[in-house]
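What's counted below: heavy atoms across the whole structure, side chains too, no hydrogens, waters or symmetry copies.
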Amino acid sequence: MTTPSRRHSLWQRWGWLLWVLVIGLIYFWTINGLKFTGFQESASAVSKSILHGLVHPTWSYVYDGSGEDLVSLILQTLAIAFLGTIVSALISVPFAFWAARGPKERYFLRSGSGKVVLTLIRTFPEIVLAIMFIKAVGPGSYAGVLAVSVHSVGMLGKLFGEAIENMDRGSEEAIISAGGRSGQVFALATIPTIMPEFLSYTLYRFEIAVRSASILGMVGAGGIGTPMIFAIQTRDWSKVGIILLGIVVMVLLIDSLSEQLRKKLI
């Protein structure tokens, strides 16, 4: 007769085979549903044109003083991401306290409803929000800022709420034991404790917003994405190459700067 410990040992030893089988069946099911019709006749010529354009970018597009050059539109993209992140960070704070479970909260009625609201906000992708706001306020940077702001509220609210739940409450208890009021506890203990994490999460979200703002222009929400989609549509691969190079440099610089700042905060 096989003992429970023996069965547990066999599962630890051979259980991975079951997972391999399950994952293999999922892959087979998904790949089997794909219908590959072959390469187009022009695939080779188009691929060579794309590669040649990416390797030989249009350097004259970097800056020409028109306001529609690479430098100007990258600055516009950064402005969209920065403003959207700042607005969302401010709006996310009350949502975070709403969604954060208190130390004495037995049931999750209050914090649970807050988490549901933040999840609903995160459900809408930024590009969908951008299309919706374009219909409401017209194309341009304003729609991009609104899209980044609303979507970031869902993400930052969740991260801020987790920071509040996991914070060290020793300073709060010390002020309470000394006879401090709730307002004093909040101003002198809660805010100073959670602020470094709030700033760190905001910087991290700004990194993501920069990438998102680069894409939102493809649907007309301003930034560097607008000329990139036009260049792709007209097959101006040299212009696509310089735009992609500019985006790569921008993202690398922002990531490096943000990482250094976050290391100093935490």
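In this pair, F198 and F97 present their aromatic rings perpendicular. The plane angle is above 60°, beyond the 30 to 60° band. Between F95 and W98, the ring planes lie tilted relative to each other; the angle falls in the 30° to 60° range.
Looking at residues two or more places apart in sequence or on another chain, you find a side-chain contact (heavy atoms from CB on, under 4.5 Å) between I134 and P139, A143, V219, A221.
Taking 4.5 Å as the limit, some side-chain heavy atom of M228 sits within range of a side-chain heavy atom of I232. P227 is listed as a side-chain neighbour of I224, based on a closest heavy-atom distance under 4.5 Å. In this structure, the side chains of L118 and K115 stay at 4.5 Å or more apart for every pair of heavy atoms.
Summarising the geometry, atom NE2 belonging to H56 is positioned 9.0 Å from atom CG belonging to L51; distances are rounded to the nearest 0.5 Å. To the nearest 0.5 Å, atoms CG (L252) and CD1 (I247) are separated by 12.0 Å. S200 contributes atom OG, which lies 12.5 Å from atom CE of M195 (distance to the nearest 0.5 angstrom). Interatomic distance, S49 OG to L54 CG, rounded to the nearest 0.5 Å: 10.5 Å. Between atom CD1 of residue I194 and atom CE of residue M167 there is a gap of 6.0 Å, rounded to the nearest 0.5 Å.
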I'd like to know whether I242 forms a side chain to side chain contact (heavy atoms under 4.5 Å, CB included) with L245, so could you lay out the CA-CA distance, the side-chain angles of the two residues, the decisive distance to 0.1 Å, and finally the verdict.
CA-CA 5 Å; I242 192 62; L245 181 60; 4.2 Å; yes

Show, in sequence, the C-alpha distance, side-chain angles and deciding distance for F206 and I254, and conclude whether the side chain to side chain contact (heavy atoms under 4.5 Å, CB included) test is met.
CA-CA 9 Å; F206 175 63; I254 293 299; 3.8 Å; yes

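The existence of a salt bridge linking R205 and E126 is confirmed by a sub-4.0 Å separation between a basic side-chain nitrogen and an acidic carboxylate oxygen. Comment: K239 does not engage E68 in a salt bridge, judged by the lack of any side-chain N to carboxylate O separation of less than 4.0 angstrom.
Using a distance-only test at 3.5 Å, with no hydrogens or angles considered, a donor-acceptor pair links the side chain of T30 to the main chain of Y27. With hydrogens and angles ignored, the 3.5 Å screen pairs a side-chain donor or acceptor of N166 with a backbone N or O of E162. Using modelled atom types, no side-chain atom of T77 and backbone atom of S214 make a donor-acceptor pair closer than 3.5 Å. Using a distance-only test at 3.5 Å, with no hydrogens or angles considered, no donor-acceptor pair links the side chain of S72 to the main chain of D69. Between the side chain of H151 and the backbone N or O of A147, no donor-acceptor pair lies under 3.5 Å. Using modelled atom types, no side-chain atom of R235 and backbone atom of A231 make a donor-acceptor pair closer than 3.5 Å.
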Exercise answer: donor-acceptor pairs, residues 83-90 side-chain atoms, under 3.5 Å, sequence neighbours excluded:
residue: T85; atom: OG1; partner: A81; partner atom: O; Å: 2.6
residue: S88; atom: OG; partner: G84; partner atom: O; Å: 3.1
residue: S88; atom: OG; partner: T85; partner atom: O; Å: 2.8

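What you find for G222 and I80 is that their closest heavy atoms are C-CD1, 3.9 Å. Closest non-hydrogen pair, E197 versus A163, comes out as OE1-CB, 3.9 Å. Across every non-hydrogen atom of I243 and L70, the tightest pair is CA-CD1, 3.9 Å. Minimum heavy-atom separation, Y201 to L159: CE1-O, 3.6 Å. When all heavy atoms are compared, the tightest approach of S92 to S152 is OG-O, 4.1 Å. In plain terms, the two heavy atoms of T226 and G217 that are nearest each other are OG1-O, 2.9 Å.
Linking Ile, Leu, Val, Met, Phe, Trp and Tyr residues whenever their side-chain heavy atoms come within less than 4.5 Å leaves L78 and I208 in two separate clusters. Side-chain heavy atoms closer than 4.5 Å link hydrophobic residues (I, L, V, M, F, W, Y) into clusters, and following such links, possibly through other members, connects F230 to L73. The hydrophobic cluster containing Y204 does not contain L199, counting ILVMFWY residues as joined when their side-chain heavy atoms lie under 4.5 angstrom apart, directly or transitively. Linking ILVMFWY side-chain heavy atoms closer than 4.5 Å, directly or via other members, places V150 and M155 in two distinct hydrophobic clusters.
Counted by atom type alone, D255 and S258 present zero donor-acceptor pairs between their side chains at under 3.5 Å.
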